[in-house]
Chemist: 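Pasting a structure below so you can have a look.
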Protein chains: 2
Amino acid sequence: MPADLTVTTNIDSLKKVHSRSKRDQIVQAAIKVFLENGYKATSMNRVAQEAGVIKATIYSHFKDKEQLFIAIIEELTVKKIDLNYEDLDPIMALSPDQFIDLISSKFSVLMNDPQYHRLFRLMVGESERFPELATIYVKTVILRGMDLATQYFDHHPELRIEDSAAMAHICAGSFVSLMAWQQVLGGNKLRPLEASRVKNMLRALICER
Amino acid sequence: MPADLTVTTNIDSLKKVHSRSKRDQIVQAAIKVFLENGYKATSMNRVAQEAGVIKATIYSHFKDKEQLFIAIIEELTVKKIDLNYEDLDPIMALSPDQFIDLISSKFSVLMNDPQYHRLFRLMVGESERFPELATIYVKTVILRGMDLATQYFDHHPELRIEDSAAMAHICAGSFVSLMAWQQVLGGNKLRPLEASRVKNMLRALICER
DNA sequence: GTCTATAATTAGATAGAC
DNA sequence: GTCTATCTAATTATAGAC
């Protein structure tokens with residue numbers, strides 16, 4: 001094995017590392033480990049191993065474990081899930097049928113995304129230890145979706161919805177709680193309930209009045 | 001200080017302890033500490049301190065931390081929350097208005113019980129580490145409530161509910177998810193939504209068709 | 001069953017060389 | 001910024017006296 005080639009490679013990788021990516025490596029590894037194990041059960045050693053760096057490197061990027069955790073939660077909410085509806089008009093123009101289909105399909109994605117189930121476990125599980133993070137989640141994810149649905153019902157007086165915000169909550173809450181007890185808590189193995197049945201029931205409640 | 005008196009007292013307390021209560025002391029202390037801190041962040045030292053016993057005593061009653069955790073979850077679900085509706089007839093005889101009031105009042109208790117919020121955090125947060133416990137929770141708590149509501153809608157064809165189970169889920173899920181994002185995640189500080197608004201909206205959806 | 005004492009491991013975090 | 005090596009504190013769990 002040629003020794004100088006090995007040395008060159010090592011120098012190369014060391015140089016490249018400085019460019020930018022080490023921090024991203026750490027964040028991506030931390031996302032994986034925190035989502036799998038929760039806050040307390042995640043060790044900095046495990047994150048370092050997963051990121052392919054040494055533990056001290058993490059501490060040169062993040063003050064402590066708590067700051068690293070805050071960083072990955074913001075990455076997962078503000079930067080990723082954050083729902084930005086710039087163009088509201090096409091959504092407001094949907095028929096009630098189409099609108100129910102839209103939010104149903106949005107939630108179907110979450111229903112089938114194990115990583116989102118883990119984020120849900122993490123947010124709920126750590127909401128007492130990190131109330132500020134729960135607040136970020138409520139603002140960037142929950143209220144955005146709620147606002148959209150509320151506006152839709154406001155724009156459709158022909159549906160005779162007495163309380164748009166309450167109706168928005170019932171729609172969103174029905175899907176979220178379905179994901180919670182079916183996927184997160186494993187109820188689908190005991191008594192499966194299809195999202196389509198919830199969708200059709202909601203449609204009937206809203207449209208057939 | 002009279003030495004023999006002290007000895008007598010020690011013997012007394014030792015004898016009394018055998019009677020029964022030490023295990024209960026441990027379980028009650030463990031419930032408090034686990035609910036406050038979650039599984040991983042709970043130390044056996046802390047439980048022992050809270051129970052007023054020494055750590056080794058816990059290990060003489062429970063094989064390890066995991067078995068203690070399983071014991072307290074069963075205490076909190078099977079033995080406590082377990083909903084036993086022996087007499088279904090009076091419930092089935094309720095008017096839709098009264099029935100909505102009933103389940104709304106049931107959930108209002110949970111909405112205002114911080115200990116239940118902590119149990120919710122714990123169940124969801126640890127549902128990947130302890131899927132069997134999540135299953136117990138689904139069986140003893142969720143499915144019981146769901147079955148009751150499903151039966152009610154089955155007994156009331158005049159409501160023209162096409163899918164009783166889906167409707168039961170929408171009712172229960174609306175209240176549970178309300179508790180989740182308002183109380184557990186702290187959304188009530190950002191945008192309060194009263195349970196009564198959800199109740200009234202549900203009533204309108206069910207009754208005014 | 002209960003306590004004292006301790007073993008064995010692992011955690012978060014840092015000092016210092018480069 | 002990165003790595004080697006290490007410190008300190010806390011953890012789960014147990015052995016042995018009573």
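Residue numbers begin at 1 in each chain, while the letters A, B, ... track the order of the sequences. This one's a predicted model, so the numbers in the text were calculated from it and none came from an experiment.
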Chemist: Scan the side chains in residues 73-80 of chain B for donor-acceptor partners under 3.5 Å anywhere in the protein, sequence neighbours excluded, and list what turns up.
Modeler:
{"from": "T77(B)", "atom 1": "OG1", "to": "I73(B)", "atom 2": "O", "distance (Å)": "2.9"}
{"from": "K80(B)", "atom 1": "NZ", "to": "Q115(B)", "atom 2": "OE1", "distance (Å)": "3.1"}

Chemist: Rounding to an integer number of Å, can you tell me how far I26(B) CD1 sits from dG1(C) C1'?
Modeler: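 From I26(B) CD1 to dG1(C) C1': 10 Å.
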Chemist: Kindly point out which of dT4(C), dG1(D), dC3(D) is positioned nearest to the side chain of I54(B)?
Modeler: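 When the side chain of I54(B) is considered, dT4(C) is the closest of dT4(C), dG1(D), dC3(D).
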Chemist: T57(A) side chain N/O closer than 4.0 Å to the phosphate oxygens (OP1, OP2) of dC3(D)?
Modeler: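 Yes, because at least one side-chain N or O of T57(A) sits under 4.0 Å from OP1 or OP2 of dC3(D).
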Chemist: To the nearest Å, give me how far apart CZ (R23(B)) and P (dG1(C)) are.
Modeler: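 Result: 9 Å.
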Chemist: Crowded around Q67(A) CD? As in, over 12 foreign heavy atoms under 6.0 Å?
Modeler: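 Yes, CD of Q67(A) has more than 12 neighbouring heavy atoms, counting only those of other groups under 6.0 Å.
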Chemist: Determine, using ring centers only, whether F62(B) and F69(B) are less than 6.0 Å apart.
Modeler: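 Ring centroids of F69(B) and F62(B) are no less than 6.0 Å from each other.
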Chemist: Separation of H61(A) atom NE2 from dC3(D) atom C1', in whole Å?
Modeler: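 Atom NE2 in H61(A) sits about 13 Å away from atom C1' in dC3(D).
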Chemist: Take the C1' atoms of the five end pairs on each side of the helix from dG1(C)-dC18(D) to dC18(C)-dG1(D), derive the two axes, and give their angle rounded to 10 degrees.
Modeler: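 About 0°, once rounded to a multiple of 10°.
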Chemist: Nearest whole angstrom, please: distance from the P of dT10(C) to the CD of Q49(A).
Modeler: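 The answer, rounded to whole Å, is 13 Å.
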Chemist: Checking the side chain of N200(A) only, and the main-chain atoms of S196(A) only, is there a donor and an acceptor separated by less than 3.5 Å?
Modeler: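 Here the side-chain-to-backbone pair exists.
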Chemist: Would a 4.5 Å heavy-atom cut-off, applied to side chains only, mark M123(B) and V141(B) as touching?
Modeler: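 Not touching, per the 4.5 Å side-chain cut-off.
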Chemist: Return the set of residues passing side chain to side chain donor-acceptor pair (under 3.5 Å) with N45(A) (not counting sequence neighbours), or none when no residue passes.
Modeler: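 Once residues adjacent in sequence are excluded, the partners of N45(A) under the side chain to side chain donor-acceptor pair (under 3.5 Å) criterion are K55(A).
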Chemist: Scan for salt bridge (charged side-chain N to carboxylate O under 4.0 Å, His left out) pairs involving residues 122-140 of chain B, sequence neighbours excluded, and state none if there are none.
Modeler: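 Found R118(A)-E128(B), R121(A)-E128(B), E126(B)-R129(B).
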Chemist: How many whole angstroms separate atom CZ of F69(B) from atom P of dT12(D)?
Modeler: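 The answer, rounded to whole Å, is 13 Å.
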Chemist: Quick check: do L185(B) and P131(A) have side-chain heavy atoms less than 4.5 Å from each other?
Modeler: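 Not touching, per the 4.5 Å side-chain cut-off.
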Chemist: Could you give all pairs that pass the salt bridge (charged side-chain N to carboxylate O under 4.0 Å, His left out) test and reach residues 142-152 of chain A, with sequence neighbours left out?
Modeler: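 Sorted pair list: D82(A)-R144(A), D147(A)-R191(B).
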Chemist: Classify every nucleotide of nucleotides 12-18 of chain C by which part a protein heavy atom approaches to under 4.0 Å, writing B for the base, S for the sugar-phosphate alone and - for neither, in 5'-to-3' order.
Modeler: BBB----
Chemist: Grab the CD-C1' distance between Q25(A) and dT2(D) for me, whole Å please.
Modeler: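 So the two atoms are 12 Å apart, to the nearest Å.
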